[in-house]
Amino acid sequence: MKKGIFLALLSTLLISVVSCNKGGPKKANNTFYYNLSGTPTTLNPLSSTDAYSSNVHSYVLEGLLNKNIDTNEWEPGLAESWKIENDGFDFVFTIREGVKWHDGKPLTVEDVKFSFDAIMHPENKYKTAHMKSYFANFKEAVIEGPRTIRFKAKKKYFGNLMSVASGGYLAIVPKHIYENPTEEQEKELNKTLIGTGPYIFQELKRGKGISLVKNKDWWGYKTDLYKDDYSYDEIFMRFIKESSVAIQRLEKGDLDFNALSPEEYEQKTNGPKWGKDVLKVKVENKAVKGYGFVGWNFKHPIFKSKQVRKAMNYLMNRKEMNKKFRFGYSALATGPLYLQSEYANKDVKPIPFNVGEAIKILKADGWADTDQDAILDKVIDGKKTKLSFTILNPSKTFSKYLTMYQQDAKQAGVDIEVKYIEWNSFIKALDERNFDAVTLAWSGGSLDWDPKQIWHSDSAANNGSNFISYSNKEVDKLIDQAQLTLDKEKRKKMLKKVYKLIAEDYPYIFLFNDRFAFYGNTKRMQKEKDTYTYGIGYGSKWSIKQPK
């Protein structure tokens with residue numbers, strides 16, 4: 001899985017899944033079926049920003065090194081060896097011999113250099129703004145031999161090795177495909193993919209799913225490290241958006257694996273097939289966890305006010321939502337990182353639901369119902385402005401949370417419209433910064449937290465990930481300092497302060513932190529254990545029981 005932080009439907013992380021159209025290949029003995037839940041906006045690995053495409057990439061593309069799912073230690077990938085030189089400023093990799101792209105052309109160091117240069121392109125030619133923050137401290141990549149490449153850093157960033165080694169940050173892409181595509185070819189690159197990985201992209205069926213087939217010539221099968229991994233002959237990722245449909249198809253065996261929300265785990269997995277043909281599992285591991293949020297557009301006149309953003313937090317009854325929809329399995333989020341992280345600031349407490357406090361804050365900020373229409377108003381920039389806004393919501397499954405929020409906010413004189421918007425249109429609205437407020441989720445990223453991609457002012461430009469245009473000079477300064485602080489304990493202190501400062505600016509309503517992962521799987525799946533230390537392992541470690 002890619003480790004940069006990617007966008008996902010809030011329900012994908014918090015309520016697991018959502019609807020699918022029927023379709024896909026006929027069930028085969030060694031085909032693994034699982035639910036991707038959303039359709040990738042593009043498969044182009046350079047410009048894609050969503051978690052669905054990064055999931056597909058993780059089977060087809062590779063990085064120079066891999067992380068062990070149990071130890072979190074680096075292991076060889078496309079590079080068979082590596083070393084750190086020049087007092088930690090240089091990272092030298094030797095790539096494997098004989099690796100080929102899925103179109104038959106050989107992998108070269110020129111491909112590795114191009115993949116790096118594309119992210120670094122000063123004019124953002126390849127639309128890689130969302131990844132640039134991880135590479136800002138690098139100077140260049142230098143080819144030193146037919147199989148050797150050196151990445152030279154200009155500053156000692158704690159994540160420098162991670163940035164160039166992990167396919168989650170630097171996915172190696174074929175130069176001959178991506179360097180200078182025509183306009184027509186560029187459109188094609190949105191719906192196809194060529195890599196070196198264990199699976200070959202076969203087909204994208206719009207509204208139905210994506211099929212991958214096993215790359216029998218994959219170099220990993222010839223190593224002791226990976227010879228038993230990726231055993232499926234085919235993988236079919238379905239695009240199921242409605243959680244109830246996904247569960248029905250899991251029960252029918254049309255899916256082999258499906259993530260579950262706490263509500264689904266407790267209430268919707270008790271039919272006759274459960275415990276016999278389909279199993280439900282609750283696990284706790286140390287994997288990085290994403291989080292959902294309601295985010296405010298800082299360019300919007302209403303949300304320029306910190307007091308308004310603060311009041312909006314007090315109007316969200318997360319405790320009741322957790323009890324009603326999540327069976328108390330989640331913790332109330334307090335800031336921009338999951339609570340189990342060693343970088344989370346435990347001194348920051350969750351904001352309670354308190355309508356009276358919200359009214360008090362809004363009154364002090366100058367809001368009043370001057371025309372007796374039950375909606376607060378205020379003169380902003382010489383114009384009478386109502387406390388009325390729209391939340392764009394790409395997940396129908398999350399609507400019940402927003403309906404509750406909408407009703408509670410009305411008590412304080414706040415008028416909220418909730419508008420459902422299809423995923424691709426939603427991403428376009430984010431890129432154009434054309435929204436009042438949004439609901440969304442971030443995938444997990446790395447265990448070593450680097451908040452620059454989402455929270456630094458520099459990440460607001462060129463369709464970067466700071467799409468709410470959040471800006472705090474002290475936060476920027478601390479993030480920059482933390483990047484260059486190799487002493488982890490000192491860095492933790494800086495980033496805990498960043499956590500607190502961001503939380504006190506109320507840029508989002510931070511929703512919930514998951515304590516457990518829930519999923520269902522068919523009995524035909526064979527697994528060593530229910531979870532590994534840093535992930536469930538269904539994509540690479542599981543296999544399908546074959547008839548005797």
Side-chain angles (χ1 to χ4, degrees), residues 5-19 37-39 41 49-52 241-243 261-263 289-300 302-303 308-309 311-318 320-322 324-326 330 332-336 338 350-351 353 388-410 414-444 454 465-470 502 506-514:
I5 304 174
F6 294 87
L7 299 167
L9 279 173
L10 190 148
S11 51
T12 302
L13 289 176
L14 299 181
I15 311 179
S16 305
V17 253
V18 216
S19 131
S37 79
T39 306
T41 50
T49 58
D50 64 72
Y52 314 112
K241 292 180 182 172
E242 298 295 339
S243 60
S261 69
E263 184 178 19
K289 293 170 176 61
Y291 63 90
F293 61 88
V294 177
W296 319 114
N297 186 345
F298 276 56
K299 300 290 185 187
H300 191 285
I302 289 177
F303 299 117
V308 169
R309 302 192 301 269
M312 294 306 109
N313 271 266
Y314 276 106
L315 293 173
M316 176 72 83
N317 194 346
R318 294 178 300 149
E320 183 63 20
M321 291 173 181
N322 189 29
K324 193 172 179 181
F325 303 135
R326 309 178 70 78
S330 300
L332 305 189
T334 64
Y338 62 109
I351 300 168
F353 172 65
S388 174
F389 58 88
T390 300
I391 300 178
L392 296 185
N393 172 32
S395 166
K396 288 180 180 174
T397 314
F398 192 67
S399 296
K400 58 190 174 189
Y401 290 74
L402 292 175
T403 298
M404 196 169 159
Y405 183 48
Q406 191 178 34
Q407 291 168 352
D408 287 335
K410 193 181 287 183
V414 180
D415 175 45
I416 299 175
E417 180 188 0
V418 178
K419 183 178 178 183
Y420 171 74
I421 182 168
E422 179 273 331
W423 180 246
N424 283 282
S425 301
F426 182 83
I427 294 296
K428 185 171 183 287
L430 288 188
D431 286 345
E432 295 173 351
R433 283 32 175 169
N434 184 22
F435 63 90
D436 302 340
V438 293
T439 59
L440 199 52
W442 287 115
S443 64
I454 299 174
S465 299
N466 182 2
F467 51 79
I468 64 167
S469 302
Y470 172 75
I502 292 174
Y506 310 99
Y508 292 167
I509 297 176
F510 298 100
L511 293 172
F512 305 98
N513 290 144
D514 289 335

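- Atoms NZ and CG, from Lys299 and Asn434 in turn, are 14.5 Å apart once rounded to the nearest 0.5 Å.
- Summarising the geometry, atom CH2 belonging to Trp423 is positioned 9.0 Å from atom OG belonging to Ser37; distances are rounded to the nearest 0.5 Å.
- A 4.5 Å side-chain heavy-atom check between Phe293 and Leu440 finds at least one atom pair inside the cut-off.
- Between the side chain of Arg326 and the main chain of Asp514, no donor-acceptor pair closer than 3.5 Å is present.
- Residues Thr39 and Tyr52 fail the side-chain proximity criterion, which asks for heavy atoms closer than 4.5 Å.
- Note that the CD atom of Glu263 and the OG1 atom of Thr397 stand 10.0 Å from one another [nearest 0.5 Å].
- Annotation: side chain of Thr439 is not in contact with side chain of Tyr401 (no heavy-atom distance under 4.5 Å).
- Contact annotation: the side chain of Met312 never approaches that of Tyr506 to less than 4.5 Å [non-hydrogen atoms, C-beta and beyond].
- No donor-acceptor pair closer than 3.5 Å links the side chain of Asn393 to the backbone N or O of Val418.
- Of all heavy-atom pairs spanning Ser388 and Ile302, the tightest one is O-CD1, 3.7 Å.
- For Asn313, the side-chain hydrogen bond (donor to acceptor under 3.5 Å, both in side chains) criterion is met by no residue, not counting sequence neighbours.
- By the 4.5 Å heavy-atom criterion applied to side chains, Tyr405 and Ile391 are counted as neighbours.
- Evaluation of the side chain to side chain contact (heavy atoms under 4.5 Å, CB included) rule for Gln407 yields Thr403 as partners, not counting sequence neighbours.
- Phe389 has its side chain out of reach of Asn297: every pair of non-hydrogen atoms, C-beta onward, lies at least 4.5 Å apart.
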Run Val438 and Phe426 through side chain to side chain contact (heavy atoms under 4.5 Å, CB included) and show every step you take. CA-CA 9 Å; Val438 293; Phe426 182 83; 3.8 Å; yes
Run the side chain to side chain contact (heavy atoms under 4.5 Å, CB included) test on Leu511 and Met316 for me, step by step, so that the C-alpha distance in whole Å, both residues' side-chain angles and the decisive distance to 0.1 Å come before the verdict. CA-CA 9 Å; Leu511 293 172; Met316 176 72 83; 4.0 Å; yes
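- Side-chain atoms of Lys289 and Asn513, non-hydrogen and from C-beta on, never get closer than 4.5 Å to each other.
- The two residues Ala429 and Leu392 come nearest to each other via the heavy atoms CB-CD1, 4.1 Å.
- Taken from OG in Ser399 to CD in Gln406, the straight-line distance is 10.0 Å, to the nearest 0.5 Å.
- The side chain to side chain contact (heavy atoms under 4.5 Å, CB included) test applied to Tyr470 returns Phe298, Trp455, Asn466, Ile468, Asn472, Val475, Ile502, Asp505, Pro507, not counting sequence neighbours.
- Taking all atoms of both residues into account, the shortest heavy-atom contact from Ala333 to Arg318 is O-NH1, 2.7 Å.
- Remark: Thr390 engages Glu417 in a side-chain hydrogen bond (donor to acceptor under 3.5 Å, both in side chains) (not counting sequence neighbours).
- In this structure, OG in Ser330 is found 12.5 Å from CE in Met321, a value given to the nearest 0.5 Å.
- Here CD1 of Ile509 is found 12.0 Å from CZ of Arg309. Values are rounded to the nearest 0.5 Å.
- When side chains are defined from C-beta on, Phe325 counts as touching Lys400, because their heavy atoms get closer than 4.5 Å.
- In terms of the side-chain hydrogen bond (donor to acceptor under 3.5 Å, both in side chains) criterion, residue partners of Tyr508 (sequence neighbours excluded) are, by chain and number, Trp442.
- Sequence neighbours left out, the pairs with a member in residues 425-436 that pass salt bridge (Lys or Arg N to Asp or Glu O under 4.0 Å) are Lys428-Glu432.
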